[in-house]
Amino acid sequence: MNEFVHYRVENNLALIALNRPPVNALGQGLREALQQALERAAGDTNVAAIILYGSPFSAGADISEFGTSASHAQPSLPYVLNYLTSLSKPTLAAIEGLALGGGLELALACGYRIAAPGARLGLPEINLGLLPGAGGTQRLPRLVGAEAALEFILHGVPLKAERAVALGIVERVAHRVESLLDEACAYAEELISSGAPAQPKAPFEEPEKGLSTDFFTDYLQRHAQRWKGRQAPQRVVAAVQAACELPLEQGLQREAELFVEAEASAESAALRHVFFAEREAGRVPGVTAETQLRTVNKVAVIGAGTMGGGIAMNFANAGIAVTLLEQKGEALDRGLTQIRKNYEISVQRGKLTADQLEQRMALLSGTLDYADLADADLVIEAVFENLQIKQQVFRTLDEVCKPGAILASNTSTLDVDAIAAVTRRPQDVIGLHFFSPANVMRLLEVVRARETSPEVLATTLKLARKIGKIAVVSGVCFGFIGNRMFEPYGREAYRLLLEGASPTQIDQALTEHGLAMGMLAVQDLAGIDIGYLIRESRRQYIAHDPSYCKLGDALYAEGRFGQKTKAGIYRYEGRERVEDPHVIELAKRLAAELGIERRKISDQEIVERCLFSLINEGIQLLDEGIALRSSDIDLVFLNGYGFPAWRGGPMHEAEQMGLDNLLAVINYYRQALGAYGEMWFKPAPMLQRLVDAGKQRIEKI
Ligand code: 3H9
């Protein structure tokens with residue numbers, strides 16, 4: 001028939017197989033082929049019922065088509081699905097693997113559904129800033145009720161087939177994946193012989209039944225805070241409300257209008273950018289499908305503190321045995337006890353069963369002896385952030401570890417080449433920078449040192465995926481991608497305090513922009529002492545600016561280390577963060593000493609100075625080859641620094657505002673801030689080159 005669809009008739013059944021690897025994305029070609037196959041089956045008098053199947057069934061609309069003319073090119077997905085529902089023969093979806101988004105909507109347009117055990121069904125459009133746009137918001141409420149449908153669509157997380165049956169999305173689960181098609185055929189024969197209608201009566205003909213009259217208004221109000229800055233959730237609510245208030249045909253029309261708006265939104269463009277960025281990050285020069293992988297069955301972590309313990313949990317969670325090494329028995333016991341406590345919290349929250357807790361703890365063991373690391377396949381060092389101490393650990397590892405073991409450092413700022421250089425196997429050394437809390441944060445910066453071998457890199461990238469991390473490869477430089485770019489961002493926040501902004505104003509301006517936390521609250525959380533020690537190691541690079549994080553240095557001298565001492569930039573009363581007049585006075589005094597004139601500062605200036613300094617540094621990093629691509633930088637900030645995914649990341653934001661605008665604003669501050677501006681607001685040379693070349697995307701030129 002067509003390369004995208006395989007069509008055959010067996011007995012009285014038309015079997016239509018979707019065939020567009022790897023995930024049967026419903027792009028224009030597949031839609032066209034499917035439409036033709038359906039028309040052929042409809043017109044064949046030998047066909048009494050139609051079965052649609054695929055392996056996997058389908059991951060939905062082709063995301064790469066959004067924003068292009070192909071997205072709505074005929075036959076559109078809604079058109080094909082409406083045609084499907086109009087057929088007079090029973091239609092059956094046999095769902096293997098996954099039915100997501102438009103893929104599930106295809107199944108919902110069929111009269112009947114059977115799924116393979118373990119198949120995942122979901123409407124994840126919300127994660128792309130969209131709503132289901134091929135009938136999902138109208139047909140699902142009629143199948144499972146409006147409230148259940150709303151939760152399912154807004155949650156965006158797929159359900160396993162077994163739970164989908166309980167919810168009423170599919171009628172049956174096949175006994176085995178292998179027998180799915182046979183069982184689907186048997187089901188279709190039953191439908192034919194019982195004279196079942198092509199489309200059975202909807203279980204919820206009135207999906208709003210049982211809901212209070214102000215259900216949707218209440219729902220929006222209840223979630224207003226959570227959805228701040230976003231529009232897709234509100235569109236989902238509007239569409240499901242339409243399912244309750246309008247006949248199907250008009251409801252579908254309303255859904256289509258909302259979908260067009262959503263597809264054109266900046267939010268969806270940002271989230272689609274993130275989707276492809278995550279896939280792109282895995283493509284690393286020098287690593288191919290042929291690159292040999294090393295086996296990693298046993299991991300060791302050196303240091304059982306908060307970081308080491310969190311790192312160890314990642315591996316235990318993935319079923320990999322971990323040995324924790326500490327210098328003293330008490331520290332080891334403390335570390336293991338803390339891990340157990342963390343798991344106990346998950347059990348209390350219902351995220352883990354008591355049995356799973358014990359299984360994970362059984363994978364964790366402790367030792368005080370380096371000799372016990374001799375058979376580890378991967379060792380991750382998570383000791384104090386000091387080059388000499390880390391080098392000493394690596395010398396020892398070089399002595400005790402078996403040949404071929406991967407030796408990783410969790411350093412957040414130090415030179416991984418200098419660490420590798422103390423071993424006789426620099427090709428086996430790599431940086432694995434986890435973010436705190438390491439068992440929660442998705443980001444893993446993988447630092448490729450000068451001599452790191454492709455096998456070691458490929459193995460760690462694969463492992464990162466296994467433990468559920470987003471791995472981003474960075475070259476070696478101070479702070480790698482994240483902390484290096486975070487430094488100018490922090491510098492500006494501290495400087496704005498001297499120039500007249502209050503801590504609350506600065507943090508609020510940033511959280512209003514969508515950041516999970518303001519920069520100054522982050523400083524208090526990370527530790528004012530930690531920031532100070534990092535500055536101490538870099539004084540030669542910052543000494544020319546006497547105002548550089550001056551307030552941070554002063555707070556350090558006062559012993560105000562942040563949350564842990566109940567005082568830093570803020571004061572902490574229990575869990576509450578309050579502004580401290582002492583810090584404002586301190587800022588005024590320091591400003592006077594430095595000759596900085598205090599003034600009223602706008603929120604816009606705060607956001608621009610903090611964010612654009614960070615972006616400018618990112619462009620410089622790309623130019624230096626530390627980051628491979630600008631979308632990698634976005635992933636770092638989205639997954640490690642609380643940037644909002646719906647803005648797509650700092651580099652995507654810069655592209656959206658226009659690189660010429662970015663350059664103009666940076667140049668404005670360079671001039672407006674006088675000597676300070678001249679020091680820190682020089683545009684990265686590559687930004688100028690990109691603008692001169694008329695580029696809209698941030699890419700190395
Ligand atoms: C929608 O359906 C809208 C409708 O309601 C209305 C329309 C009118 N399109 O992730 P992987 C590619 S919105 C295009 O590495 P995994 C992916 O880029 C859609 N491409 O594998 C990658 O390509 P490459 C709603 C897609 O096993 C390759 O497939 N659906 C699509 O870890 C392998 O993917 C979703 O949001 C797609 N829909 O995960 C589902 N899906 O090799 C989005 C995948 O060149 N997809 N690709 O890098 C996913 O969640 C995961 O990709 C999936 C597989 C779970 C399917």
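Counting starts at 1 for both ligands and their atoms, following the listed order. Values below: all heavy atoms of this structure, side chains included; hydrogens, waters and symmetry mates excluded. Count residues from 1 along the sequence.
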Peer 1: Is K160 atom NZ crowded by more than 12 heavy atoms from other residues, nucleotides or ligands, each under 6.0 Å away?
Peer 2: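 Counting other residues, nucleotides and ligands, NZ of K160 stays at 12 neighbours or fewer.
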
Peer 1: Give the numbers and elements of all ligand 1 atoms closer than 4.0 Å to a heavy atom of G60.
Peer 2: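 Those qualifying, in numeric order: 2 (O).
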
Peer 1: Quick one: does L98 get an N or O within less than 3.5 Å of an N or O on ligand 1?
Peer 2: no

Peer 1: Under a 4.0 Å heavy-atom limit, does L128 contact ligand 1 with its side chain, its backbone, both, or neither?
Peer 2: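 Just the side chain.
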
Peer 1: Can the positive tip of R272 be found less than 6.0 Å from the middle of the six-membered ring of F276, inside 45° of the ring normal?
Peer 2: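 No, R272 and F276 do not form such a contact.
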
Peer 1: Does the protein put any heavy atom within less than 4.0 Å of atom 54 (C) of ligand 1?
Peer 2: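 Neighbour list for atom 54 (C) of ligand 1 is empty of protein heavy atoms (cut-off 4.0 Å).
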
Peer 1: Is the CD atom of E249 crowded by more than 12 outside heavy atoms at less than 6.0 Å?
Peer 2: no

Peer 1: Hey, is G136 one of the residues with a heavy atom under 4.0 angstrom from ligand 1?
Peer 2: no

Peer 1: After noting the C-alpha distance and the side-chain angles of Y53 and E96, does the key distance pass the side-chain contact (heavy atoms from CB on, under 4.5 Å) rule?
Peer 2: CA-CA 7 Å; Y53 67 104; E96 181 185 334; over 6 Å; no

Peer 1: Students should be able to answer this: which protein heavy-atom is nearest to atom 43 (C) of ligand 1, and at what distance?
Peer 2: F275 CE1, 3.5 Å

Peer 1: Under 4.0 Å from atom 23 (O) of ligand 1, is there any protein heavy atom?
Peer 2: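 Given the 4.0 Å limit, the answer for atom 23 (O) of ligand 1 is no, no protein heavy atom qualifies.
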
Peer 1: May I ask you to check whether L100 has an N/O atom sitting below 3.5 Å from an N/O atom of ligand 1?
Peer 2: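 Between L100 and ligand 1, no N or O pair is found under 3.5 Å apart.
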
Peer 1: Under 4.0 Å between a Lys/Arg side-chain N and an Asp/Glu carboxylate O for R142 and E205?
Peer 2: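 Between E205 and R142 there is no salt bridge, as every charged N stays at least 4.0 Å from the carboxylate O atoms.
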
Peer 1: So that I can tick it off, tell me whether E278 and R442 are bridged by a salt bridge, with the cut-off set at under 4.0 angstrom between side-chain N and carboxylate O.
Peer 2: yes

Peer 1: Would you mind checking if R113 and E171 are paired as a salt bridge, meaning a charged N to carboxylate O distance below 4.0 Å?
Peer 2: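 Yes, charged N to carboxylate O under 4.0 Å.
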
Peer 1: Yes or no, since that's all I need: does a protein heavy atom fall within a distance strictly under 4.0 Å of atom 39 (O) of ligand 1?
Peer 2: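 No, there is none.
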
Peer 1: Among protein heavy atoms, which lies nearest atom 56 (C) of ligand 1, and at what distance?
Peer 2: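 For atom 56 (C) of ligand 1, the nearest protein heavy atom is A59 CB, 3.6 Å.
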
Peer 1: Among all the protein's non-hydrogen atoms, which is closest to atom 6 (C) of ligand 1, and how far away is it?
Peer 2: G133 N, 3.5 Å

Peer 1: Report, in ascending order of atom number, the atoms of ligand 1 lying under 4.0 Å from any heavy atom of E105.
Peer 2: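 Once the distances to E105 are compared, the set is 4 (C), 5 (O), 6 (C).
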
Peer 1: Between E105 and R139, does any side-chain N to carboxylate O distance fall below 4.0 Å?
Peer 2: no

Peer 1: Using a 4.0 Å cut-off to any heavy atom of E125, which atoms of ligand 1 qualify?
Peer 2: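 Answer for ligand 1: 1 (C), 2 (O), 3 (C), 4 (C), 5 (O), 13 (S).
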
Peer 1: Identify the protein heavy atom lying closest to atom 31 (C) of ligand 1, giving its residue, its atom name and the separation to 0.1 Å.
Peer 2: V23 CG2, 3.8 Å

Peer 1: Checking side chain to side chain contact (heavy atoms under 4.5 Å, CB included) against T459, which of L293, T291, T295, V287 comes through?
Peer 2: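 So the option named by the test is L293.
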
Peer 1: What atoms in ligand 1 come closer than 4.0 Å to a heavy atom of P22?
Peer 2: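 Every atom of ligand 1 under 4.0 Å from some heavy atom of P22: 28 (C), 29 (O).
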
Peer 1: Could you please spell out the steps behind the side-chain contact (heavy atoms from CB on, under 4.5 Å) verdict for V284 and R448?
Peer 2: CA-CA 11 Å; V284 176; R448 180 182 205 167; 3.6 Å; yes

Peer 1: Look at the aromatic rings of Y219 and W227 and report parallel, tilted or perpendicular, splitting at 30° and 60°.
Peer 2: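 Rings of Y219 and W227: tilted, 30 to 60°.
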
Peer 1: Among all protein heavy atoms, pick the one closest to atom 11 (P) of ligand 1 and tell me residue, atom and distance.
Peer 2: R279 NE, 3.7 Å

Peer 1: For atom NZ of K700, decide whether the heavy atoms of other residues, nucleotides or ligands shown that lie under 6.0 angstrom number more than 12.
Peer 2: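 More than 12 heavy atoms, drawn from other residues, nucleotides or ligands, come within 6.0 Å of this atom.
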
Peer 1: What atoms of ligand 1 come closer than 4.0 angstrom to any heavy atom of P124?
Peer 2: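 Counting atoms of ligand 1 from 1, those under 4.0 Å from P124 are 30 (N), 35 (C), 36 (O).
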
Peer 1: For residues 59-80, which residue pairs pass the salt bridge (charged side-chain N to carboxylate O under 4.0 Å, His left out) check, not counting sequence neighbours?
Peer 2: R20-D62, R31-E65

Peer 1: Taking distance alone, with N or O pairs closer than 3.5 Å, would you say A61 contacts ligand 1?
Peer 2: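 For ligand 1, there is an N or O atom that lies under 3.5 Å from one belonging to A61.
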
Peer 1: Is the shortest side-chain N to carboxylate O distance from E178 to R176 below 4.0 Å?
Peer 2: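 Yes.
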
Peer 1: Could you tell me, atom by atom, which parts of ligand 1 come under 4.0 Å of a heavy atom of G101?
Peer 2: 2 (O), 25 (C)

Peer 1: Would you call R465 a ligand 1 contact, heavy-atom distance under 4.0 Å?
Peer 2: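 Yes, that is the case, since the closest heavy atom of the residue is under 4.0 Å from the ligand.
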
Peer 1: Report yes or no: does R283 have a heavy atom closer than 4.0 Å to ligand 1?
Peer 2: yes

Peer 1: If you measure every N or O of I63 against every N or O of ligand 1, does any of those distances drop under 3.5 Å?
Peer 2: yes

Peer 1: Can you list the ligand 1 atoms lying under 4.0 Å from a non-hydrogen atom of P132?
Peer 2: 5 (O)

Peer 1: Answer yes or no: does an N/O atom from G102 fall short of 3.5 Å to an N/O atom of ligand 1?
Peer 2: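 Among all N and O atoms of G102, at least one is under 3.5 Å from an N or O of ligand 1.
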
Peer 1: What protein heavy atom lies closest to atom 14 (C) of ligand 1? Include the residue and the distance to one decimal.
Peer 2: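 Closest protein heavy atom to atom 14 (C) of ligand 1: D62 OD1, 3.3 Å.
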
Peer 1: Look at atom CD of Q696 and say whether more than 12 heavy atoms of other residues, nucleotides or ligands are closer to it than 6.0 Å.
Peer 2: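 Incorrect, the count does not exceed 12.
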
